[in-house]
Amino acid sequence: MDRSANLDTEELKMTREQYILATQQNSLPRTEHPQFYPVGIYGWRKRCLYFFVLLLLVTMIVNLAMTIWILKVMNFTVDSPLVLQSDRNVTVNARNHMGQLTGQLTVGADAVEAQCKRFEVRASEGGKVLFSADEDEIVIGADRLKVTGTEGAVFGHSVETPHIRAEPSQDLKLESPTRSLVMEAPRGVHVNAAAGDLKATCRKELHLQSTEGEIFLNADTIRLGNLPVGSFSSSSSSSSSSSSPSSSAPRQTIYELCVCPNGKLYLSPAGAGSTCQSSSNICLWS
């Protein structure tokens with residue numbers, strides 16, 4: 001009992017001492033003018049900050065003005081195309097992820113050059129390849145290739161095509177102005193004029209040759225013009241010169257077609273029998 005009473009007494013003393021200390025702190029005199037400490041940037045630091053803010057504002061205004069001027073000069077609008085201009089040339093480069101040059105397009109005053117592995121031109125609708133070029137070949141995918149130059153198209157080597165035709169209502173002409181024109185085919189050459197004539201004209205000889213077959217002429221009428229005419233006499237002598245039917249035999253209307261041993265043809269006045277003579281001067285002097 002005595003011990004618990006002592007503890008209660010000590011607690012009361014401690015509580016009393018705390019009350020007295022708190023009362024004394026509240027009763028202390030207060031100062032009439034409290035001190036304040038300024039917080040912020042003052043002096044030359046503040047002036048430097050204002051200067052940098054003003055410089056940044058001026059730079060933004062100049063950049064905005066330059067951007068508007070460039071857009072106006074280069075005609076950047078929503079509806080108009082992109083225009084790139086240069087006093088010398090305009091070059092567009094394409095590089096891979098390693099920085100290596102994979103393609104280049106250069107537009108200059110004298111030429112437009114493209115350097116790439118494959119160059120393609122596609123149609124705007126459907127993406128059809130109209131033109132493509134690489135190291136191996138050049139492909140033209142358009143439905144029609146039209147050359148309007150007066151000299152036409154010049155090819156240094158052969159041209160392969162399964163079909164050559166002219167435009168509607170136009171003539172097709174194959175010409176070699178200074179050399180020969182050769183048409184060859186292992187299975188034959190077929191020339192057909194369905195609604196017109198077929199003419200072969202030359203200055204010198206016209207040769208029709210078949211090495212293993214025959215030359216077949218099939219027509220209702222076969223005419224051989226400008227054949228020399230020989231005369232027939234009972235003494236088995238030919239005329240000394242060739243003449244036309246009107247001069248050698250004015251009344252002769254029927255002639256016999258004769259063939260010399262060398263293959264030359266000539267006309268001889270028809271008679272009761274054959275009037276062809278191998279010793280005719282036409283055969284001897286031909």
Side-chain angles (χ1 to χ4, degrees), residues 147-286:
V147 181
T148 58
T150 57
E151 298 296 331
V154 179
F155 300 92
H157 299 282
S158 62
V159 178
E160 297 181 5
T161 177
H163 190 193
I164 299 177
R165 68 177 181 182
E167 294 184 354
S169 302
Q170 299 293 330
D171 296 333
L172 177 63
K173 185 177 182 180
L174 301 177
E175 180 182 5
S176 177
T178 59
R179 294 294 185 269
S180 302
L181 177 63
V182 180
M183 300 176 62
E184 295 182 354
R187 295 187 178 182
V189 177
H190 180 69
V191 181
N192 182 24
D197 299 334
L198 177 62
K199 297 180 180 180
T201 305
C202 63
R203 182 177 180 181
K204 295 182 179 180
E205 291 83 3
L206 177 62
H207 297 273
L208 298 177
Q209 181 181 1
S210 177
T211 56
E212 297 181 0
E214 61 182 5
I215 297 176
F216 180 67
L217 301 177
N218 184 14
D220 296 336
T221 302
I222 298 177
R223 300 178 59 182
L224 300 176
N226 298 327
L227 290 178
V229 178
S231 60
F232 172 76
S233 61
S234 58
S235 60
S236 300
S237 61
S238 61
S239 62
S240 59
S241 61
S242 301
S243 59
S244 62
S246 58
S247 60
S248 61
R251 298 181 181 179
Q252 189 70 33
T253 57
I254 300 176
Y255 292 88
E256 183 179 359
L257 181 61
C258 303
V259 182
C260 297
N262 59 1
K264 186 174 182 179
L265 301 178
Y266 73 95
L267 298 178
S268 179
S274 177
T275 59
C276 296
Q277 298 176 352
S278 61
S279 59
S280 172
N281 65 333
I282 297 179
C283 297
L284 296 177
W285 297 99
S286 61

Distance-only criterion, 3.5 Å: show the donor-acceptor pairs between side-chain atoms of residues 182-193 and protein atoms not counting sequence neighbours.
none

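- In plain terms, the two heavy atoms of P269 and T275 that are nearest each other are O-OG1, 2.7 Å.
- Note that SG of C258 is 9.0 Å distant from CG of L265, once rounded to the nearest 0.5 Å.
- F216 meets the side chain to side chain contact (heavy atoms under 4.5 Å, CB included) test with N218; sequence neighbours excluded.
- L172 approaches I164 most closely through the heavy-atom pair CD2-O, 3.9 Å.
- Side-chain contact annotation: S268 with Q277, donor-acceptor N/O pair under 3.5 Å absent.
- Every residue two or more places apart in sequence or in another chain that forms a side chain to side chain contact (heavy atoms under 4.5 Å, CB included) with L217 is listed here: I222.
- Contacts of S176 classified as side chain to side chain contact (heavy atoms under 4.5 Å, CB included), with partners at least two apart in sequence or in another chain: R179, L181.
- Residue I254 places its CD1 atom among 12 or fewer non-hydrogen atoms of other residues, nucleotides or ligands, all under 6.0 Å distant.
- Rounded to the nearest 0.5 Å, atoms CG (N262) and CD1 (I282) are 11.0 Å apart.
- For the residue pair I215 and S210, the shortest heavy atom distance occurs at CG1-CB, 4.3 Å.
- Among pairs with a residue in residues 156-174, those fulfilling salt bridge (Lys or Arg N to Asp or Glu O under 4.0 Å) read K173-E175, at least two apart in sequence or across chains.
- Here salt bridge (Lys or Arg N to Asp or Glu O under 4.0 Å) pairs that include residues 196-222, with residues two or more places apart or in two chains, number zero.
- For A272, the side chain to side chain contact (heavy atoms under 4.5 Å, CB included) test picks out no residue, with sequence neighbours left out.
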